[in-house]
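Worksheet: the structure to be examined is printed underneath.
Only this structure's heavy atoms are used, side chains among them; waters, hydrogens and symmetry mates stay out.
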Amino acid sequence: MKSSLVGGLILILLMSGCRGDNRERLFDMVYPNIRFEIPAGLGGLLPRVFEIENFATGIKGYLGEGVDTTTITGIRPASATLTILDSGADFRFLREVSVRICTTGSPECRAGEEVFYLDDLANRRVGNELKLIPTLINARRLLIRDRVKVEVLFYLQDITPQTLSARLDMRFEAVR
């Protein structure tokens with residue numbers, strides 16, 4: 001009797017916690033083919049940062065007829081891929097990667113503005129493509145602006161073997 005009561009309470013708590021997930025998806029915000037280079041010979045304990053200071057969000061192009069930014073209640077990170085474009089190269093030199101978005105003009109993005117990450121790469125099979133994990137952040141206040149700052153932080157475990165061409169592809173979901 002007690003176990004079924006406890007089980008029922010847990011089920012009710014779980015169901016009430018998932019109510020926020022029933023939002024209506026308005027559109028996807030896709031940012032493909034963000035290219036940059038990872039220089040050869042990087043090492044050290046501090047993260048190496050690639051940044052785009054005035055990254056265009058293209059929010060006006062995503063808004064359809066009858067939709068404006070006030071109808072968007074959330075913009076959630078959905079998926080991201082980081083790829084090395086040079087054949088035969090891989091990400092074995094990385095320990096962790098973080099993608100952050102903040103206000104243009106900020107000296108640096110904070111950890112609380114992280115939208116995608118992947119850690120513990122030393123214990124993963126690493127190739128030339130990394131599927132990043134989306135965070136739970138609501139990036140609405142940033143991505144409804146025309147321009148933002150994007151930072152990709154590389155935490156290294158080895159020295160970068162050569163200059164590597166890389167590409168970042170990101171996708172967000174706007175919901176109401």
Quiz item: Does a salt bridge link Lys149 with Glu53, judged by any charged N lying under 4.0 Å from a carboxylate O?
Solution: yes
Quiz prompt | Separation between CZ of Arg92 and CD of Gln157, rounded to the nearest 0.5 Å | solution = 10.5 Å
Quiz prompt | Cluster check Phe36, Val115: I/L/V/M/F/W/Y, side chain < 4.5 angstrom | solution = yes
Quiz item: Can you tell if the side chain of Thr81 reaches within under 4.5 Å of the side chain of Glu129, non-hydrogen atoms only?
Solution: yes
Quiz item: Do side-chain atoms of Thr73 reach the backbone of Val175 as a donor and acceptor pair under 3.5 angstrom?
Solution: yes
Quiz item: From Asn33 CG over to Met170 CE, what is the distance, rounded to the nearest 0.5 angstrom?
Solution: 12.0 Å
Self-check item: Nearest-0.5 Å distance, CG of residue Leu118 to CZ of residue Phe91
Solution: 10.0 Å
Quiz item: Could you state the interatomic distance from CG (Asp119) to CG (Asn123), rounded to the nearest 0.5 Å?
Solution: 10.0 Å
Quiz prompt | Contact summary for Ser165 and Glu37, nearest pair of heavy atoms | solution = OG-OE2, 3.9 Å
Quiz prompt | Proximity of Phe154 and Phe93 rings by center, below 6.0 Å | solution = no
Practice problem: Answer yes if the ring centres of Phe172 and Phe116 are under 6.0 angstrom apart, and no otherwise. | Solution: yes
Quiz item: Out of curiosity, Thr104 OG1 to Ile101 CD1, how far, rounded to the nearest 0.5 Å?
Solution: 10.5 Å
Quiz item: With a 4.5 Å heavy-atom cut-off, do Leu94 and Glu96 have their side chains touching?
Solution: no
Exercise. Answer with yes or no whether the hydrophobic clustering places Val49 together with Phe55; edges join I, L, V, M, F, W, Y residues whose side-chain heavy atoms lie under 4.5 Å apart.
Key: no
Self-check item: Lys/Arg-Asp/Glu bridge criterion (N-O < 4.0 Å) met for Arg167, Asp169
Solution: yes
Quiz item: Is the backbone N or O of Gly43 less than 3.5 Å from a side-chain atom of Arg48, with the two atoms forming a donor-acceptor pair by type?
Solution: yes
Quiz item: Can a salt bridge be assigned to the pair Lys60 and Asp146 using a cut-off of 4.0 Å between side-chain N and carboxylate O?
Solution: yes
Practice problem: Side-chain contact test, heavy atoms from C-beta onward, threshold under 4.5 Å: evaluate it for Leu164 versus Gln162 and give yes or no. | Solution: yes
Quiz item: Does a salt bridge link Arg125 with Asp90, judged by any charged N lying under 4.0 Å from a carboxylate O?
Solution: no
Exercise. Quick one: closest heavy-atom pair of Pro77 and Pro134, and the distance?
Key: O-CB, 3.5 Å
Quiz item: Is a side-chain donor or acceptor of Arg171 paired with a backbone partner of Ala80 at a separation under 3.5 angstrom?
Solution: no
Quiz prompt | Test applied, side-chain contact (heavy atoms from CB on, under 4.5 Å); reference residue, Leu130; option that passes from Thr83, Leu168, Leu121, Ile84 | solution = Leu121
Quiz item: Does one hydrophobic cluster hold both Leu82 and Tyr155, with members joined at side-chain heavy-atom distances below 4.5 Å?
Solution: no
Quiz item: Looking only at heavy atoms, what is the nearest atom pair of Glu173 and Ala78, with distance?
Solution: CG-CB, 3.9 Å
Quiz item: Does the Arg176 side chain pair with the main chain of Thr70, one donor and one acceptor, at a distance under 3.5 Å?
Solution: no
Quiz item: Quick one: are Leu132 and Val97 in side-chain contact, heavy atoms under 4.5 Å?
Solution: yes
Practice problem: Indicate the atoms forming the closest heavy-atom contact of Arg140 with Thr69, along with that distance. | Solution: NH2-O, 2.9 Å
Quiz item: In the single-linkage hydrophobic clustering (I, L, V, M, F, W, Y; side-chain heavy atoms under 4.5 Å), do Phe50 and Ile159 co-cluster?
Solution: no
Quiz item: What about Leu85 and Val99, same hydrophobic cluster or not, with Ile/Leu/Val/Met/Phe/Trp/Tyr joined at side-chain heavy-atom distances under 4.5 Å?
Solution: no
Quiz item: Between the side chains of Glu114 and Ser98, is a donor N or O closer than 3.5 angstrom to an acceptor N or O?
Solution: yes
Quiz item: Within a strict 4.5 Å, meaning less than it, do heavy atoms of the Thr163 and Ile38 side chains meet?
Solution: no
Quiz prompt | Minimum side-chain heavy-atom gap Leu143-Met29 below 4.5 Å | solution = yes
Practice problem: Output, in order, the C-alpha distance, side-chain angles, deciding distance and verdict of side chain to side chain contact (heavy atoms under 4.5 Å, CB included) for Glu151 and Ile52. | Solution: CA-CA 7 Å; Glu151 289 183 351; Ile52 305 172; over 6 Å; no
Self-check item: OG-CD distance between Ser106 and Glu113, expressed to the nearest 0.5 angstrom
Solution: 6.5 Å
Quiz item: Is the shortest heavy-atom distance from the side chain of Leu63 to the side chain of Phe27 under 4.5 Å?
Solution: yes
Practice problem: Kindly say whether Val30 contributes a backbone atom to a donor-acceptor pair with the side chain of Tyr62 at under 3.5 angstrom? | Solution: yes
Quiz item: Just wondering, do Ile144 and Ile75 contact through their side chains at under 4.5 Å, heavy atoms?
Solution: yes
Self-check item: Audit row: Leu153, Glu51, side chain to side chain contact (heavy atoms under 4.5 Å, CB included) steps and yes/no
Solution: CA-CA 9 Å; Leu153 285 78; Glu51 66 180 46; over 6 Å; no
